[in-house]
Amino acid sequence: MATVPPSPTHPGDTAGGTLRHAHWWQRTWVRYGALSTLLALSGLVILALVREQTGTEGFLVGLGLAVLPVPLLIAAFRWLDRVEPGPWPNLLFAFAWGACAAALIAIVANSFATRWIATATADPSGADTLGATVIAPIVEESAKAAAVLLVFLFRRRDFSGIVDGVVIAGVTATGFAFTENILYLGTAFGTDQLTGDRGIASVTAATFFVRVIMSPFAHPLFTVLTGIGFGVAALSADRQHLRRVLLPLSGLLLAMGMHAVWNGSSTFGEYGFFAVYAAFMVPAFGLLTWLVIWTRQRELKTVREELPAYAVAGWLTPAEPYALGSMRARRMARGYARRHGGRPAARAVAQYEAYATSLAFLRHRGRRGRAGADFVVRERELLHELWHRRAVARPALDHAARATAPPVAVTVPPWPVYGAYGYPTAPAHPGYPGYPAIPYPAYNPYRS
């Protein structure tokens, strides 16, 4: 009897028959080229518009100040996405869409709508208030939601739950806020140049404090509500069409409502901004942060519960479900691989962890009747990727499992034992020096 499962046939292989040639507009490079061109043109136009409003010196000052919170926000969203890291191209697209396309749509649409209202009502002040509290939330949140929708439709395999929606939405909003902050900070600097204000009393310092220090999370917080709607829709079965439409729309409406309250805080009196910030924004931020972290822990639990089935079938070792379900063990496995095999080995282990997580989520959706028609094909693809990386990843994950597993009391049986889990002691891996040829210590790999 075979001791290991055979490597599955790659789904790209075809047996009998030929594949139809796609039309030129359906080719991947054509779509990527068109999208890249669109974003590049949007970036050039938005750059020219912002520079025209702020001046060259104001633009450079605004750029230098606006970039400060970006690395911290991106790092926070990447941390949330560590269980099943999404591909970098998706994040680059989301940031570029927010900074270029969404910002351009917002500037053009907001300006046009505000001017039209001011002309129609002959009340410029009322038009500005209406534009900030009604028009801007609708336009800006819709423009940012378009990025989440595109990833949801065309990168469906990378969009499997709430965390994916939160990350894509948050990164898109981070890019949008980056461009908007350049405009506001550059304009404030230009005002200070005219009035001669300097230091803490300047408009630039006040704008920097409000937009960068107090509320760098404002735009991400709004758009994350849209991302949660798309994330819950991604967890729904394909046949639940109404649910998959209403949930994203509900999230978008909530994002617009929160955005409107935030923009309208200045009309609530002298301390309206601080009242809304303390009574509304901070609690909402805390609640959403708790929800995302709780969802992240649920994902790790799903990994620990679903992968043992593949360990029983022989695709994984018995220790791997525990190691893959612990962020500490994952980090330790990558470090072990880097010490013994260099950066390529650490990269292979990270890829192994990502594919195994995707496999656990796929099985979880399948057991709940929410998997798509390509369940079998996708499962084979993931198993194929795991099988090609097993020689490097298994020793590292086994080491991490032994190092992080809690001690468990063991009663020595009166009969001879031929190795941990009833299997013979595994020999050392010749292609992976440093892995000790010793049996696993006794522990419970599924204890959380």
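Bear in mind that the values here come from a model prediction, so they are computed numbers and not experimental data. We're numbering straight along the sequence, starting at 1.
Sorted by first then second residue, the salt bridge (Lys or Arg N to Asp or Glu O under 4.0 Å) pairs that include residues 128-147, not counting sequence neighbours, are E141-K144. For residues 246-264, no pair satisfies salt bridge (Lys or Arg N to Asp or Glu O under 4.0 Å), with sequence neighbours left out.
You'll find the side chain of V61 stays beyond 4.5 Å of the side chain of L185, heavy atoms only. Side-chain contact between L49 and L104 is present, with heavy atoms from C-beta onward closer than 4.5 Å. Contact annotation: the side chain of V303 approaches that of F361 to within less than 4.5 Å [non-hydrogen atoms, C-beta and beyond]. When side chains are defined from C-beta on, V276 counts as touching V261, because their heavy atoms get closer than 4.5 Å. Annotation: side chain of L383 is in contact with side chain of L359 (closest heavy-atom distance under 4.5 Å). Residues Y310 and L386 form no side-chain contact, since every pair of their non-hydrogen atoms from C-beta on lies 4.5 Å or further apart. Between I135 and T114 there is no side-chain heavy-atom pair separated by less than 4.5 Å. Inter-residue side-chain proximity for M256 and S142 is flagged as met; some heavy-atom pair is nearer than 4.5 Å.
Around the CZ atom of F375, the shell of radius 6.0 Å holds more than 12 heavy atoms that belong to other residues, nucleotides or ligands. For F154, the CZ atom sits in a loose shell: 12 or fewer heavy atoms of surrounding residues, nucleotides or ligands are nearer than 6.0 Å.
Summarising the geometry, atom OG1 belonging to T295 is positioned 9.5 Å from atom CG belonging to L80; distances are rounded to the nearest 0.5 Å. Separation of atoms CG (L68) and CG (L63) is listed at 10.0 Å; rounding is to 0.5 Å. To the nearest 0.5 Å, atom OG1 of residue T54 and atom CD1 of residue I182 are 8.5 Å apart. Interatomic distance, OG1 of T207 versus CG of N181, reported as 9.5 Å (0.5 Å rounding). Within the model, atoms CG of L252 and CD1 of I138 stand 9.5 Å from one another, a figure rounded to the nearest 0.5 Å. Note: I168 CD1 to L150 CG = 11.0 Å, rounded to the nearest 0.5 Å.
Side-chain atoms of Y277 come within 3.5 Å of backbone atoms of M214 as a donor-acceptor pair (strictly under, hydrogens ignored). Proximity of a side-chain donor or acceptor of S265 to a complementary backbone N or O of W262 within less than 3.5 Å is detected. Side chain of D192 to backbone of V203: a donor-acceptor contact under 3.5 angstrom is found. Looking at S215, its side chain does come within 3.5 Å of a backbone N or O of V210 through a donor-acceptor pair. Y184 places no side-chain N or O within 3.5 Å of a backbone atom of T179 that could act as its donor or acceptor partner. Between the S236 side chain and the V232 main chain, a donor and an acceptor come within less than 3.5 Å of each other.
Between A103 and A99, the shortest heavy-atom distance links the atoms CB-O, 3.4 Å. Residues A101 and L39 come closest through the heavy atom pair CB-CD2, 4.2 Å. When all heavy atoms are compared, the tightest approach of A145 to T226 is CB-CG2, 3.8 Å. Looking at every heavy atom in both residues, T195 comes nearest to D197 through OG1-OD2, 3.1 Å. Here the closest non-hydrogen pair linking V139 and A106 is CG1-CA, 3.8 Å. Across every non-hydrogen atom of I200 and A205, the tightest pair is O-CB, 3.7 Å.
Looking at N263 and T133, their side chains never bring a donor and an acceptor atom within 3.5 Å of each other. A donor atom on one side chain and an acceptor atom on the other are found under 3.5 Å apart for H364 and R368.
Every residue meeting the ring-ring contact (aromatic ring centres under 6.0 Å, His included) condition with F93, not counting sequence neighbours, appears here in chain and number order: W97. Annotation: side chain to side chain contact (heavy atoms under 4.5 Å, CB included) contacts of R339 (sequence neighbours excluded): Y336, H399. Partners of F189 by ring-ring contact (aromatic ring centres under 6.0 Å, His included), not counting sequence neighbours: none found. The ring-ring contact (aromatic ring centres under 6.0 Å, His included) search around F152 returns F159, F230, not counting sequence neighbours. Applying the ring-ring contact (aromatic ring centres under 6.0 Å, His included) test to F208 and every residue at least two apart in sequence or in another chain returns nothing. The salt bridge (charged side-chain N to carboxylate O under 4.0 Å, His left out) check on E306 picks up R363, R367, with sequence neighbours excluded. A search for salt bridge (charged side-chain N to carboxylate O under 4.0 Å, His left out) contacts involving D374 returns R157, not counting sequence neighbours. Contacts of R51 classified as salt bridge (charged side-chain N to carboxylate O under 4.0 Å, His left out), with partners at least two apart in sequence or in another chain: none. Partners of R334 by salt bridge (charged side-chain N to carboxylate O under 4.0 Å, His left out), not counting sequence neighbours, listed by chain and number: E353.
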CA sep, side-chain torsions, deciding dist, call: W315, L307, side-chain contact (heavy atoms from CB on, under 4.5 Å): CA-CA 9 Å; W315 289 102; L307 290 184; over 6 Å; no

As a quick check of understanding, evaluate side-chain contact (heavy atoms from CB on, under 4.5 Å) for F178 and H219, giving each step before the final call. CA-CA 10 Å; F178 168 66; H219 272 289; over 6 Å; no

Stepwise side-chain contact (heavy atoms from CB on, under 4.5 Å) check, L225 with L288: CA-CA 9 Å; L225 294 172; L288 289 177; 3.9 Å; yes

L91 and R78: CA distance, side-chain angles, deciding distance, side-chain contact (heavy atoms from CB on, under 4.5 Å) verdict: CA-CA 9 Å; L91 300 183; R78 286 296 290 173; 3.2 Å; yes

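Exactly one of L44, L38, V45 qualifies for a side chain to side chain contact (heavy atoms under 4.5 Å, CB included) with S42. That residue is L38. Test R330, R394, R390, R304 against E320 for salt bridge (Lys or Arg N to Asp or Glu O under 4.0 Å) and you get one pass: R394. Test E385, R389, H388 against Q351 for side chain to side chain donor-acceptor pair (under 3.5 Å) and you get one pass: R389.
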Name each donor-acceptor pair under 3.5 Å that joins a side chain in residues 83-90 to protein atoms two or more places apart or in another chain, with its distance.
from, atom 1, to, atom 2, distance (Å)
E84, OE1, S160, OG, 3.1
E84, OE2, S358, OG, 2.6
N90, ND2, D158, OD2, 3.1

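Under 4.0 Å is where a charged nitrogen must lie from a carboxylate oxygen, and between E299 and R296 no such pair does.
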